[in-house]
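We count residues from 1, following the sequence as given. Worth knowing before you read on, the calculation uses all heavy atoms, side chains too, and leaves out hydrogens, waters and symmetry mates.
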Amino acid sequence: MNGLAAPKDPEKKRDFFYIIKNKDIFGTKMEDGRGIQYLYQDDGRLINSAKITGGITDGTELRLLEDTEGFKKLVHSIGVSVETPDPEENVLFILQMYGRNDIYGGGTELKLYLKGNGTEIRIYLDKITWKEDDFKPGQIKVIMEKPGQTAKLNVRFYLNDGYSAPEINEEKEIDFNCKDYKHIIASSLVSMGDTTRLKRAIDKSKNGRDICIAYIGGSITQGAGAVPINTGCYAYKSYCGFKDKYGTGNNVHFIKAGVGGTPSELGIIRFERDVLRDYIVEPDIVIIEFAVNDEGDETKGVFYESLIRKVLKMHCKPAVILLFSVFADDSNLQERMIPVGEYYNLPMVSIKNAVTEQFYKKDGKGRVLTKNQFFYDIYHPSNAGHKIMADCLLYLYKQAETRKNLEGQKKSTSKLLLKEPLTGSTFEDIKLLDKRNTYNKAEIIPGGFTGTDNILQCVEMDASLEPVPQFPYNWYYDGSNTDMPYFDMWIVCRALVLVFKDSGETDAAKADIYIDNKLVRTADPYINGWLHCNPALVINENKNGRHFVHIEIKKEDVEKKFTILGFGYVV
């Protein structure tokens with residue numbers, strides 16, 4: 001006799017906290033036609049999410065999230081829900097552990113198949129077969145059947161016995177029209193500076209002439225955290241806001257040249273390639289955003305000032321705006337950068353000044369949004385955060401249009417350029433050298449670096465979703481020419497920056513860099529541990545000289561791979 005089955009005992013209620021709560025995601029098209037969203041959890045991101053999104057303050061619990069063993073002690077199960085436009089769409093959720101020896105291939109993948117209907121399904125950790133190489137939580141991958149669509153994702157950790165989490169405080173919807181929001185936006189204005197160039201660009205646009213707004217920076221300028229990355233980012237939003245207010249049709253043009261993980265040291269090398277390109281319309285406004293990327297600058301600001309001077313000295317005399325983004329720990333480098341902006345009397349906008357103070361206000365006391373609402377992860381703003389950044393730039397434009405240019409009358413940026421630099425200007429005339437961009441005083445003997453690497457960091461340029469490979473005209477050592485594991489170059493220059501490929505792959509080689517037969521540094525693609533472009537200053541002298549550059553693969557790595565993406569040289 002078949003009757004109703006007896007219900008199972010209810011599952012024990014467990015404390016939980018969110019690491020991802022109602023977050024927008026976007027399915028970037030893969031080769032197989034499906035869409036994928038990556039959400040990285042390494043480098044403190046998971047701990048930051050536990051603090052900001054989950055409200056966890058217990059240091060012991062937070063430290064357990066640093067590695068896989070601690071993760072297993074703390075987490076009982078993982079609850080996941082996804083809402084896609086089609087509720088019946090199949091979705092694959094993967095939480096990947098990074099391996100200790102093989103970062104991307106050695107760790108366990110916690111997989112969950114679910115529908116896009118918003119129903120939570122759980123992964124139970126005691127059902128998982130773990131790998132010996134498991135090291136730490138690495139990344140989340142959400143794979144959807146249909147690419148190019150947005151979805152909502154929730155991920156929460158249910159805790160094992162003995163651990164607790166605070167109650168969830170529901171966040172109020174952000175009121176972008178309230179008085180306190182307007183105060184936030186106004187607080188972002190560090191300095192109006194000399195608005196002569198900016199007002200000229202606004203007037204030019206209002207009169208129907210072609211103008212161009214260009215953005216150069218790191219991953220925030222690329223659009224990281226925005227969904228979709230091409231039209232949800234602050235750059236595109238602020239461009240659209242400018243075009244709507246001051247444009248007369250299609251006369252306002254847009255260039256976005258943000259590359260994740262890159263400082264101004266690399267930004268200045270790729271400026272002509274990525275910003276100027278072959279456009280007929282030169283930039284009238286250039287927004288420079290490196291306030292969270294330049295911590296590792298070996299010159300402590302010379303590259304940054306050199307980039308500013310390079311742009312200001314262009315014959316088209318564009319307006320330069322310094323934009324200071326911020327990390328979730330409230331940090332950036334604006335204290336180092338603001339004096340440079342003051343020195344040239346430039347307009348400056350600080351997102352740190354706008355949002356950090358109000359994060360710590362109580363409801364009803366002027367708080368408009370929470371830190372969780374502003375940030376997508378520890379490094380990047382959410383869609384709301386990108387909107388705020390755009391609104392801060394638009395506020396600057398409005399003030400420049402309506403205020404008298406008193407600062408410009410007192411201290412003209414063009415005249416200030418004639419002074420000696422504040423920090424230094426060594427690199428303002430730097431050029432890119434690679435297989436396509438040659439230099440007649442560089443004699444290259446590639447040795448075993450005869451190939452071309454096609455596995456490169458790719459970024460979305462301008463308003464496109466099409467990923468563009470960075471430094472495709474490179475020199476690649478693939479590990480097969482073990483009798484010639486070197487690259488030689490004679491070059492006349494006074495400064496030289498090597499750009500090499502970072503990688504966390506197990507087959508990446510380290511290389512020693514010799515200048516005039518002296519070892520100056522070792523290029524280690526594992527220091528950052530992810531696929532991107534890494535600049536390294538190897539020559540920095542006061543005058544030109546002929547130098548011998550020898551790059552040699554470490555003996556123990558001669559069967560591994562290394563890529564010289566290019567060089568930046570100054571003569």
If every non-hydrogen atom of [X] is compared with every non-hydrogen atom of [Y], which pair is closest and at what distance?
{"X": "T150", "Y": "P228", "answer": "CG2-CD, 4.5 Å"}
{"X": "G451", "Y": "K435", "answer": "O-NZ, 2.9 Å"}
{"X": "N353", "Y": "Q334", "answer": "OD1-NE2, 3.0 Å"}
{"X": "V492", "Y": "V571", "answer": "O-CG1, 3.4 Å"}
{"X": "D453", "Y": "N474", "answer": "N-OD1, 2.7 Å"}
{"X": "T299", "Y": "V302", "answer": "OG1-N, 3.1 Å"}

Side-chain donor/acceptor of [X] to backbone N/O of [Y], under 3.5 Å:
{"X": "H386", "Y": "F374", "value": "no"}
{"X": "R277", "Y": "D274", "value": "yes"}
{"X": "T563", "Y": "L565", "value": "no"}
{"X": "D507", "Y": "K560", "value": "no"}
{"X": "Y344", "Y": "R309", "value": "no"}
{"X": "N332", "Y": "S325", "value": "yes"}
{"X": "Q37", "Y": "T28", "value": "no"}
{"X": "S188", "Y": "I185", "value": "yes"}
{"X": "Q41", "Y": "L39", "value": "yes"}
{"X": "S503", "Y": "P525", "value": "no"}

Tell me which donor-acceptor pairs under 3.5 Å the side chains of residues 251-261 have, and how far apart each pair is, sequence neighbours excluded?
| from | atom 1 | to | atom 2 | distance (Å) |
| --- | --- | --- | --- | --- |
| N251 | OD1 | T248 | N | 2.8 |
| N251 | ND2 | S205 | O | 3.0 |
| N251 | ND2 | R209 | O | 2.9 |
| H253 | NE2 | D210 | OD1 | 3.2 |
| K256 | NZ | Q222 | O | 2.8 |
| K256 | NZ | E460 | O | 3.4 |
| K256 | NZ | D462 | O | 3.4 |

Tell me, yes or no, whether the heavy-atom count around [X] atom [atom1], taken from other residues, nucleotides or ligands under 6.0 Å, exceeds 12.
{"X": "N542", "atom1": "CG", "answer": "no"}
{"X": "K415", "atom1": "NZ", "answer": "no"}
{"X": "K29", "atom1": "NZ", "answer": "no"}
{"X": "K404", "atom1": "NZ", "answer": "no"}
{"X": "I445", "atom1": "CD1", "answer": "yes"}

Full working for side chain to side chain contact (heavy atoms under 4.5 Å, CB included) between Q470 and R270: CA-CA 10 Å; Q470 292 294 295; R270 60 183 183 80; 4.2 Å; yes

Under a 4.0 Å threshold between the charged nitrogen and the carboxylate oxygen, would [Y] count as salt-bridged to [X]?
{"X": "D42", "Y": "R45", "result": "yes"}
{"X": "E505", "Y": "K561", "result": "no"}
{"X": "R34", "Y": "D32", "result": "yes"}
{"X": "E305", "Y": "R336", "result": "no"}
{"X": "D203", "Y": "K199", "result": "no"}
{"X": "E541", "Y": "R494", "result": "no"}

K23 to Y376, cation-pi by 6.0 Å centre distance and 45° axis angle: yes

Cationic tip of K387 above F176 ring, under 6.0 Å, 45° of axis: yes

Heavy-atom side-chain contact between [X] and [Y] under 4.5 Å:
{"X": "V459", "Y": "M461", "answer": "yes"}
{"X": "I491", "Y": "L433", "answer": "yes"}
{"X": "F471", "Y": "R273", "answer": "yes"}
{"X": "C493", "Y": "I539", "answer": "yes"}
{"X": "V190", "Y": "S350", "answer": "yes"}
{"X": "V497", "Y": "V538", "answer": "no"}

How far does [atom1] of [X] sit from [atom2] of [Y], to the nearest 0.5 angstrom?
{"X": "N540", "Y": "L496", "atom1": "CG", "atom2": "CG", "result": "10.5 Å"}
{"X": "D43", "Y": "Y379", "atom1": "CG", "atom2": "OH", "result": "4.5 Å"}
{"X": "F303", "Y": "K310", "atom1": "CZ", "atom2": "NZ", "result": "12.0 Å"}

Y514 and H550 aromatic ring geometry - parallel, tilted or perpendicular at 30°/60° bounds: tilted

Criterion side chain to side chain contact (heavy atoms under 4.5 Å, CB included) on E289 and I216, from CA distance to verdict: CA-CA 6 Å; E289 181 268 321; I216 186 166; over 6 Å; no

Establish, from distance only, whether the side-chain atoms of [X] and [Y] form a donor-acceptor pair under 3.5 Å.
{"X": "E401", "Y": "Y246", "value": "yes"}
{"X": "K317", "Y": "S414", "value": "no"}
{"X": "T522", "Y": "D512", "value": "yes"}
{"X": "T195", "Y": "N405", "value": "yes"}
{"X": "S238", "Y": "Y215", "value": "yes"}
{"X": "S219", "Y": "H380", "value": "yes"}
{"X": "E282", "Y": "H315", "value": "yes"}
{"X": "T196", "Y": "D194", "value": "yes"}

Using ring centroids (six-membered ring only for Trp), state whether [Y] and [X] fall under 6.0 Å.
{"X": "Y477", "Y": "F449", "answer": "yes"}
{"X": "Y236", "Y": "Y239", "answer": "yes"}
{"X": "Y439", "Y": "Y569", "answer": "yes"}

From CA spacing to verdict: ring pair (Phe, Tyr, Trp, His ring centres under 6.0 Å), F500, F562: CA-CA 8 Å; F500 66 95; F562 188 90; 5.8 Å; yes

Side chain to side chain contact (heavy atoms under 4.5 Å, CB included) between Y486 and I553, worked out: CA-CA 6 Å; Y486 58 83; I553 303 298; over 6 Å; no

Derivation and outcome, side-chain hydrogen bond (donor to acceptor under 3.5 Å, both in side chains), residues D294 and S264: CA-CA 7 Å; D294 270 13; S264 55; 2.5 Å; yes

Trace of the side chain to side chain contact (heavy atoms under 4.5 Å, CB included) decision for N230 with F26: CA-CA 11 Å; N230 61 329; F26 181 83; 5.7 Å; no

